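Worksheet: one structure, shown below.
Here the structure is a predicted model, which means the values were calculated and not measured. Within every chain, numbering begins at 1; the chains are lettered A, B, ... in the order of the sequence lines, protein sequences first and strands thereafter.
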Number of protein chains: 2
Amino acid sequence: MKLDLQDIEARFRRHDVRLTRQRAAIYAALVETTSHPSADDLYRIVTRQQPMMSRNTVYYTLSVLRNAGLVREVNVGHDMARYDGNVSMHHHLICLGCGQIMDVMDEELNRLHLSSGQARGFDVLGHRVEFHGYCVSCQQVHRNVSPRRR
Amino acid sequence: MKLDLQDIEARFRRHDVRLTRQRAAIYAALVETTSHPSADDLYRIVTRQQPMMSRNTVYYTLSVLRNAGLVREVNVGHDMARYDGNVSMHHHLICLGCGQIMDVMDEELNRLHLSSGQARGFDVLGHRVEFHGYCVSCQQVHRNVSPRRR
DNA sequence: TGCTATGTAGGAATCATTCCTGTCTAGCGA
DNA sequence: TCGCTAGACAGGAATGATTCCTACATAGCA
């Protein structure tokens with residue numbers, strides 16, 4: 001999704017996040033892609049326009065945006081953290097071959113819940129579903145190539 | 001679940017894993033607990049009986065057992081990896097306060113699947129469901145105490 | 001029992017992430 | 001519009017879980 005600066009400013013204001021050039025660039029890059037980039041991917045994208053930006057700023061900004069609820073962290077195995085600019089409830093479909101992550105929007109999955117017996121008194125706030133498999137282009141080779149570690 | 005050496009030997013043989021003192025101890029510790037310990041937790045448990053065991057051996061053994069399908073890795077956010085000796089299909093309920101992980105066995109959750117439209121040609125091999133919330137003892141304090149990072 | 005492929009221990013290396021510190025700036029109030 | 005100050009940024013150092021390297025030890029077959 002393409003965002004202009006007005007949109008970003010409005011969202012930041014709504015979530016009480018101070019607007020800076022760096023933050024706007026990082027957030028815009030994240031919302032404009034569906035590829036669930038890592039902090040380092042974002043660093044590489046954003047330094048194309050702002051070569052002075054520090055890798056620390058990317059990490060710090062991502063933690064600010066995450067705490068503000070503007071961004072979500074996605075973890076696949078123990079690979080580096082990846083980020084998602086889509087914070088509406090959704091789930092993920094992950095390729096064990098190339099690591100790509102696709103969004104899954106499905107009302108039924110959103111409605112899953114635990115029986116009270118299973119919940120053991122937990123106050124359950126949310127859930128996530130991950131599907132694992134091989135994408136079309138990895139299917140031909142996945143018997144020959146070992147999956148990514150973890 | 002309590003395992004004796006015979007059981008372990010049989011399982012290792014079935015999965016083509018060479019039996020050593022170190023491996024038996026690590027695997028036994030993992031199967032006997034329901035707490036989903038980290039590599040370091042296991043190192044601490046196992047060195048009580050075998051003080052010479054190296055942390056590397058724990059990591060290497062866990063990777064051998066994981067590849068053999070005797071052990072499963074559980075990742076919660078970006079905390080250190082945790083391990084599960086229960087490899088039957090099940091899901092997890094995770095406390096955002098103290099980090100404890102409870103097993104959830106539920107046939108309905110096991111049967112989830114994607115519509116072919118959502119699957120985008122993926123060859124889907126499995127899925128995982130994670131529920132997040134606060135356990136009974138963390139519920140009293142969870143408005144005062146900030147959740148563990150991520 | 002001896003041989004050899006494989007496992008183990010210990011130490012060094014890796015690398016994503018976090019911490020520290022001095023400088024800079026967004027955005028409020030005057 | 002200007003000055004102030006809390007909060008943000010950059011750069012470098014530190015951290016810490018995990019992996020790599022290598023020499024020695026051992027499981028388990030012949």
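- The two residues B:Arg66 and B:Glu73 have their closest heavy-atom pair at NE-OE1, 3.1 Å.
- In this structure, the nucleotide among D:dC9, C:dT8, C:dT17 sitting nearest to the side chain of A:Ala81 is C:dT17.
- Rounded to an integer number of Å, the gap from CD1 of B:Ile26 to P of C:dT8 is 7 Å.
- Closest of all the heavy-atom pairs between B:Ser54 and B:Tyr43 is C-CE1, 3.8 Å.
- A:Leu112 and B:Ile101 end up in different hydrophobic clusters when Ile, Leu, Val, Met, Phe, Trp and Tyr side chains are linked at under 4.5 Å.
- Regarding A:Arg23, its CZ atom lies at a distance of 11 Å from the P atom of D:dA10, rounded to whole Å.
- Protein atom CG of A:Asp79 is 15 Å distant from nucleotide atom C1' of C:dT17, rounded to whole Å.
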>> What verdict does the side chain to side chain donor-acceptor pair (under 3.5 Å) test give for B:Asp103 and B:His36, after you've listed the backbone C-alpha separation in whole Å, the side-chain angles of each residue and the deciding distance to 0.1 Å?
In response: CA-CA 9 Å; B:Asp103 286 333; B:His36 306 82; 2.9 Å; yes

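- Separation of the A:His113 and A:His127 ring centroids does not fall under the 6.0 Å cut-off.
- Among the nucleotides C:dA9, C:dG27, C:dT17, the one closest to any side-chain atom of B:Ser54 is C:dA9.
- Considering all non-hydrogen atoms of both residues, A:Ala68 and A:Val17 come closest at CB-CG2, 3.5 Å.
- Atom-to-atom, OH of A:Tyr60 to P of D:dC9 comes out at 7 Å; the value is rounded to the nearest Å.
- B:Ser38 comes within contact range of no nucleotide atom at all, as no heavy-atom separation falls under 4.0 Å.
- Rounded to an integer number of Å, the gap from B:Arg18 CZ to D:dA25 P is 16 Å.
- Shown for residues 43-53 of chain A: residues whose heavy atoms fall under 4.0 angstrom of DNA chain D, namely A:Met52, A:Met53.
- Put simply, CE on B:Met80 is 11 Å from P on D:dG16, counting in whole angstrom units.
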> Given the rule in the salt bridge (Lys or Arg N to Asp or Glu O under 4.0 Å) test, do A:Asp7 and A:Arg11 qualify, once you have shown the distances and angles that lead to the verdict?
Replying inline: CA-CA 6 Å; A:Asp7 297 327; A:Arg11 291 193 190 187; over 6 Å; no

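- The phosphate of C:dG7 has neither OP1 nor OP2 within less than 4.0 Å of any side-chain N or O from B:Thr61.
- Applying the 4.0 Å criterion to OP1 and OP2 of C:dT17, one finds that A:Tyr59 has a side-chain N or O inside that range.
- Mapping B:Glu9 and A:Val58 onto DNA chain D by nearest heavy atom places A:Val58 at the nucleotide closer to the 5' end.
- In this structure, of D:dC9, C:dG27, C:dA16, it is D:dC9 that holds the atom nearest to the side chain of A:Thr57.
- As a whole-Å value, the separation of A:Asn56 CG from D:dC9 C1' is 9 Å.
- When the side-chain nitrogen and oxygen atoms of A:His78 are compared with OP1 and OP2 of D:dA17, none of them lie within a distance under 4.0 Å.
- If you take CZ of A:Arg21 and C1' of D:dG7, they are 16 Å apart, rounded to a whole angstrom.
- OP1 or OP2 of D:dA10 lies within a sub-4.0 Å distance of a side-chain N or O belonging to A:Gln22.
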